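These notes concern the structure reproduced below.
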Number of protein chains: 2
Amino acid sequence: MTELDAKGISVLLVDDHPIVRQGYRRVLESQGDLHVVAEADNAADAYAAFKAHDPDVVVMDISMPGASGLEAIRNIRARNPRARVLVFTMHNEAVLVKSAFNAGANGFVTKSSEPSAVVRAIRSVARGERAMSDDIAHVLAEESLSPTGSVLDQLGEREIEILRQFASGATTEQIASHLNLSVKTVQNYHYLIKTKTGARTDAQLVRLAATCGLTKI
Amino acid sequence: MTELDAKGISVLLVDDHPIVRQGYRRVLESQGDLHVVAEADNAADAYAAFKAHDPDVVVMDISMPGASGLEAIRNIRARNPRARVLVFTMHNEAVLVKSAFNAGANGFVTKSSEPSAVVRAIRSVARGERAMSDDIAHVLAEESLSPTGSVLDQLGEREIEILRQFASGATTEQIASHLNLSVKTVQNYHYLIKTKTGARTDAQLVRLAATCGLTKI
DNA sequence: AAGTGCTTCGGGAAATTTGCCCGAATATGC
DNA sequence: GCATATTCGGGCAAATTTCCCGAAGCACTT
């Protein structure tokens, strides 16, 4: 392994878009020390390719059709704890970032990042360090200022129930009727939930509820 | 222009992800006859770059933060009807494809396409032909066969675009700014969309947009 | 037993949005 | 040329949201 490191860093590329993979490959290969030893376009193939090639770093987009990229990360880290996984995606939601790190990711950079920053991140995780792009750091920093973990942890039981019903399409009157509350109280909860979660619009609230599994769409 | 064509095809790359742009650039440049003369990461810059470089083909992702890519297509085609625009995005919803062609796009390929297919599409639109990737053709074919009108069929293009942005979490002010409309107009559209679709709450609107594939959650 | 903190429940008032009317400019179709 | 659909916004009353506030019930601590 140390010999391999001396010769460079082997990379497994995982992304569901062929041309994006090809783009990565060219960018990374042009660095000299980075070698793409395999590619995959889904979570299952990613794990198979990892077992076959045992790369130093897995660079993967976790928003792929089919199985979850997070599951792939867990599998990879479970098989070889010395494996390094750098998540590379367009999403920048705090919950997703935390999920990725909890799943065992070593780094998280967004596709908005400069290629140089991505390359730097690959070298960082290869050295065993944690890496993340500036925008991700900002998102997490903001999040950390609210003393809670998951977005839902900061909500009380009543608030969660109201959020669930609201995100499922219920009107304020219906919720009030269901829970035997005054319309005014439901409105107040609605507002409270928005401020607590930081959602600016009802649409963001629905998306939040959906990503937290509170409601299915 | 014929001389230029003989020497190759000049391309303006528009995508909000730097590394993706760099990837395209390398893939296209490796073809020999394709030359990336400029890049842009948003709709406004795209139009400016088009005016400055007058490229043969504009390859653009229409899902960018800020102003609509569709608007950029309209502007570009309005300025120079001989311009060719190839939309290159990860979305594959029939409505979006139709909107793009109505806006003046000459081609539409998804990022799931093989790089070779993308290159072929660029050459096609450069020759003035219409181009689309196989998956897009299938989506449109399916659409034309299904007698059941989607809920979205009763909405105009503008309404769909506003619904998409709204369901994606944009505020009324942001949408108005993106599309250069007055806040009042966006509010009116919002109301119109609700009545046309029968949605009673914003949450139902978001769910509708999601089930129609207008937005991902 | 009193204090602290949290959740739950609502009132009040200003700001904003909704709901629904309208007219006008511009395609688009026949 | 005429009808029709789409796009764009003004106006205005009604409704809702926003943001403040207090209070009651509970659990947990010292």
Side-chain angles (χ1 to χ4, degrees), chain A residues 146-167 169-206 208-209, chain B residues 67-68 70-75 77-78 81 95-96 98-104 149-167 169-206 208:
Chain A
S146 84
T148 58
S150 162
V151 193
L152 294 182
D153 288 351
Q154 51 192 323
L155 299 180
E157 224 178 281
R158 216 70 217 247
E159 293 165 338
I160 288 183
E161 176 60 19
I162 287 176
L163 171 57
R164 202 183 56 71
Q165 294 197 22
F166 169 76
T171 67
T172 303
E173 286 87 353
Q174 288 170 340
I175 298 175
S177 159
H178 292 160
L179 302 178
N180 261 67
L181 297 176
S182 80
V183 170
K184 179 63 189 174
T185 300
V186 177
Q187 289 175 343
N188 275 335
Y189 274 118
H190 192 321
Y191 167 71
L192 245 189
I193 295 167
K194 265 194 193 173
T195 55
K196 278 191 180 183
T197 59
R200 311 250 296 101
T201 70
D202 285 349
Q204 292 176 12
L205 218 47
V206 175
L208 187 87
Chain B
S68 161
L70 296 180
E71 209 56 36
I73 296 178
R74 263 184 283 269
N75 291 337
R77 293 305 304 268
V95 270
L96 193 60
K98 289 185 174 180
S99 298
F101 279 119
N102 283 337
S150 158
V151 198
L152 298 181
D153 289 350
Q154 48 192 325
L155 299 182
E157 260 182 55
R158 217 72 224 245
E159 294 164 337
I160 289 182
E161 174 63 18
I162 287 175
L163 171 57
R164 201 181 59 71
Q165 294 197 22
F166 169 75
T171 67
T172 303
E173 286 87 355
Q174 288 170 340
I175 298 175
S177 156
H178 292 163
L179 302 178
N180 258 339
L181 298 177
S182 80
V183 170
K184 178 63 186 174
T185 299
V186 177
Q187 289 175 341
N188 275 336
Y189 273 116
H190 191 320
Y191 166 71
L192 249 188
I193 295 168
K194 264 193 189 175
T195 55
K196 279 191 179 181
T197 60
R200 312 253 292 102
T201 69
D202 286 350
Q204 291 176 12
L205 220 47
V206 174
L208 187 88

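Bear in mind that the values here come from a model prediction, so they are computed numbers and not experimental data.
- One interatomic measurement links the two molecules: CZ of A/Phe166 to P of D/dT16, which rounds to 13 Å at whole-angstrom precision.
- Remark: C1' of D/dC8 and CD of B/Glu161 are 16 Å apart, rounded to the nearest angstrom.
- In terms of the ring-ring contact (aromatic ring centres under 6.0 Å, His included) criterion, residue partners of B/Phe166 (sequence neighbours excluded) are, by chain and number, B/His190.
- The only member of A/Thr185, A/Leu179, A/Leu192, A/Leu163 that meets side chain to side chain contact (heavy atoms under 4.5 Å, CB included) when paired with A/Arg158 is A/Leu179.
- The phosphate of C/dC9 (OP1 or OP2) has no side-chain N or O of A/Thr185 nearer than 4.0 angstrom.
- Results of the side chain to side chain contact (heavy atoms under 4.5 Å, CB included) test with A/Ile175 over A/Glu161, A/Arg164, A/Gln165 single out A/Gln165 as the only residue that passes.
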Within the 4.0 Å limit for protein heavy atoms, which parts of nucleotides 17-27 of chain C are touched? Write it as a string from 5' to 3', B for base, S for sugar-phosphate only, - for none. SBBB-------

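- Across the protein-nucleic acid pair, A/Asn180 atom CG and C/dT8 atom C1' stand 14 Å apart, rounded to whole Å.
- In this structure, B/Tyr189 places its OH atom 11 Å from C1' of D/dA5, rounding to the nearest Å.
- Atom CG in A/Leu205 sits roughly 14 Å away from atom C1' in D/dT18 (whole-Å rounding).
- Atom-to-atom, CG of A/Leu192 to C1' of D/dT18 comes out at 11 Å; the value is rounded to the nearest Å.
- As a whole-Å value, the separation of A/Ile193 CD1 from D/dC19 P is 15 Å.
- A distance of 11.0 Å separates NE2 in A/His178 from CD in A/Glu173, rounded to the nearest 0.5 Å.
- Residue A/Glu157 contributes atom CD, which lies 7 Å from atom P of C/dT8 at whole-angstrom precision.
- Between B/Lys194 atom NZ and B/Lys196 atom NZ the span is 16.0 Å, to the nearest 0.5 Å.
- Here A/Asp202 contributes atom CG and B/Gln204 contributes atom CD; the two are 11.5 Å apart, rounded to the nearest 0.5 Å.
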